[in-house]
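Before any comments, here is the structure.
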Amino acid sequence: AISLVAEQNLSLSKRLLIGSISEKSSFKCGGNTALHYACNSGNLDCVNILLSSFCFCVESFKKKRNHNKEFCNKCSTAVLNAKNVHGDTPLMMAVAQNHFLIVNRLVFLSTRMLTNSTSEPRQIIDFNARNKSDDTALSLAYGHGYVETTRMLLSSYEDGRCCRSMDTVVTSQDVTKCSRSLTVARFTLNKLSDSINPSSSNSGDDATSIVNKKIDQIKIIVCDTEKCLILLQEALVKADEIAIYKGEELI
């Protein structure tokens, strides 16, 4: 039921969506929540409805209203950071499918709640959570060559939206991992290019046409991964500068 609620644009009430926010599908079905399904399918309307409960709580807190305890339980960060059987959070699923607007919405929500909080800043959404493949939201972004999503997540770390400084997030391992992805993409591109017979490259046969389309797709992946690598290298330089600055402060 929760997969239908989140994946399809059904004429369901807001209460039904919010009521399903903390429910999980069975282990056999992946252990996803409604927010997982909505983020994976790119259904921004459902994501906004599911997140509206969190925004309501922020406004109530800001205006010093009494909270509804039952409602607040649904505002637990455990819901936003819930993991399915693969260890993926809703944010990871949105990143993996390159649903930029949803990723931006989740980042904005976390920023807004931090801004309105009068207590010590705490991490509303765990941007540094890892799934069972040891991927974070950031590594999924640059691993797929999603340039704008990578740029946005890096900028979030840089301006403190994620509650952790960039020097604790971006490491040389990220640069190495992205470099490996780029190497694999380039190798695949070269292998496909070599597989085309020069004599039949312009013949227009179906097989050659399919390979040429695949080559064009991988060229885009290579280009985008190169851009992601540059972003990570620049971020690593900033991270090193931050680490050096913190070290000087301690002296």
Side-chain angles (χ1 to χ4, degrees), residues 30 32-33 35-44 47 51 77 80-84 86-112 114 123-186 188-189 217-240 242:
N32 293 302
T33 64
L35 190 58
H36 277 99
Y37 284 113
C39 289
N40 186 62
S41 63
N43 195 327
L44 183 59
V47 170
L51 295 182
T77 56
L80 285 169
N81 298 314
K83 292 185 176 183
N84 61 17
H86 303 294
D88 292 317
T89 64
L91 174 65
M92 289 179 184
M93 297 188 85
V95 169
Q97 298 300 323
N98 201 25
H99 296 313
F100 180 82
L101 293 178
I102 292 178
V103 177
N104 187 56
R105 181 73 179 86
L106 292 170
V107 171
F108 174 78
L109 174 71
S110 189
T111 308
R112 184 181 178 192
L114 283 171
Q123 195 159 286
I124 306 301
I125 296 178
D126 188 0
F127 292 83
N128 309 299
R130 293 183 178 273
N131 62 18
K132 291 185 178 179
S133 298
D134 202 36
D135 278 311
T136 62
L138 179 61
S139 67
L140 286 170
Y142 67 68
H144 285 85
Y146 299 149
V147 182
E148 293 308 316
T149 302
T150 299
R151 181 180 286 113
M152 182 182 66
L153 289 172
L154 286 173
S155 66
S156 298
Y157 289 117
E158 187 176 0
D159 64 21
R161 293 183 197 177
C162 298
C163 244
R164 285 184 67 180
S165 176
M166 188 179 286
D167 67 306
T168 65
V169 175
V170 183
T171 67
S172 58
Q173 290 181 345
D174 290 301
V175 174
T176 301
K177 194 172 183 178
C178 190
S179 297
R180 286 174 181 167
S181 297
L182 181 58
T183 300
V184 170
R186 284 173 174 167
T188 305
L189 179 61
Q217 291 172 354
I218 296 186
K219 281 181 178 178
I220 293 172
I221 292 173
V222 169
C223 182
D224 288 344
T225 306
E226 285 174 344
K227 292 177 182 177
C228 288
L229 182 58
I230 292 170
L231 289 172
L232 287 170
Q233 289 170 336
E234 292 173 347
L236 186 60
V237 171
K238 292 178 182 177
D240 289 340
I242 292 171

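The first residue in the sequence is number 1, and the count goes up from there.
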Checklist outcome for this item: Between Ala141 and Val95, the two heavy atoms sitting closest are N-CG1, 3.6 Å
Next on the checklist: I'd like to check Arg180 versus Thr176 (side-chain heavy atoms, cut-off strictly below 4.5 Å). Are they in contact?
Outcome noted: yes
Item to check | Closest non-hydrogen atom pair, Pro90 against Ala82 | outcome: CD-O, 3.3 Å
Item to check | His36 side chain to Asp88 backbone, donor-acceptor under 3.5 Å | outcome: yes
Item to check | Side-chain donor/acceptor of Asn81 to backbone N/O of Asp126, under 3.5 Å | outcome: yes
Checklist entry - Closest approach of Val47 and Ile102, non-hydrogen atoms and distance? => result CG2-CD1, 3.9 Å
Checklist entry - Salt bridge or not for Glu226 and Arg186, using N-O below 4.0 Å? => result yes
Checklist entry - Does the side chain of Thr149 come within less than 4.5 Å of Leu153's, by heavy atoms? => result yes
Checklist entry - When rounded to the nearest 0.5 angstrom, what is the spacing between OG in Ser179 and CG in Leu229? => result 4.5 Å
Next on the checklist: Distance check, rounded to the nearest 0.5 Å: Gln173 atom CD versus Cys178 atom SG?
Outcome noted: 14.0 Å
Next on the checklist: Do Ile125 and Thr89 make a side-chain contact, defined as non-hydrogen atoms from C-beta onward lying under 4.5 Å apart?
Outcome noted: no
Checklist entry - If you look at every heavy atom in Asn40 and His99, which pair is closest and at what distance? => result O-NE2, 3.0 Å
Checklist entry - Just by modelled atom types, is the Ala96 backbone N or O under 3.5 Å from a matching donor or acceptor in the Tyr146 side chain? => result yes
Item to check | Residue pair Leu231 / Tyr142, side-chain heavy-atom distance below 4.5 Å | outcome: no
Item to check | Value rounded to 0.5 Å, distance of SG in Cys223 from CG in Leu182 | outcome: 10.0 Å
Next on the checklist: Please evaluate residues Leu154 and Lys238 with respect to the criterion side chain to side chain contact (heavy atoms under 4.5 Å, CB included), reporting the C-alpha separation (whole Å), side-chain torsions for both, the decisive distance (0.1 Å), and the verdict.
Outcome noted: CA-CA 11 Å; Leu154 286 173; Lys238 292 178 182 177; over 6 Å; no
Checklist outcome for this item: To the nearest 0.5 Å, atom CG of Leu44 lies from atom CZ of Arg105 at 8.0 Å
Checklist outcome for this item: Tightest non-hydrogen contact, residues Ala185 and Ile218, listed as O-CG2, 3.5 Å
Checklist entry - Do any pairs count as a salt bridge (charged side-chain N to carboxylate O under 4.0 Å, His left out) and have a residue in residues 134-143, sequence neighbours left out, and if so which ones? => result Arg130-Asp134, Asp135-Lys177
Checklist entry - Quick check: does any side chain N or O of His86 sit under 3.5 Å from a backbone N or O of Lys132, one acting as donor and the other as acceptor? => result no
Item to check | For Ser172, all residues meeting side chain to side chain contact (heavy atoms under 4.5 Å, CB included), sequence neighbours excluded | outcome: Leu236
Item to check | Close side-chain approach of Met92 to Asn131, heavy-atom, < 4.5 Å | outcome: yes
Checklist outcome for this item: When rounded to the nearest 0.5 Å, the distance separating NE2 of His144 from SG of Cys228 is 11.0 Å
Checklist entry - Which pair of heavy atoms, one from Thr225 and one from Gly145, lies closest together, and at what distance? => result OG1-CA, 4.0 Å
Next on the checklist: Measuring only between side-chain heavy atoms, which start at C-beta, is Leu91 closer than 4.5 Å to Cys39?
Outcome noted: no
Checklist entry - How many angstroms lie between atom OG1 of Thr171 and atom CG of Leu232, to the nearest 0.5 angstrom? => result 9.5 Å
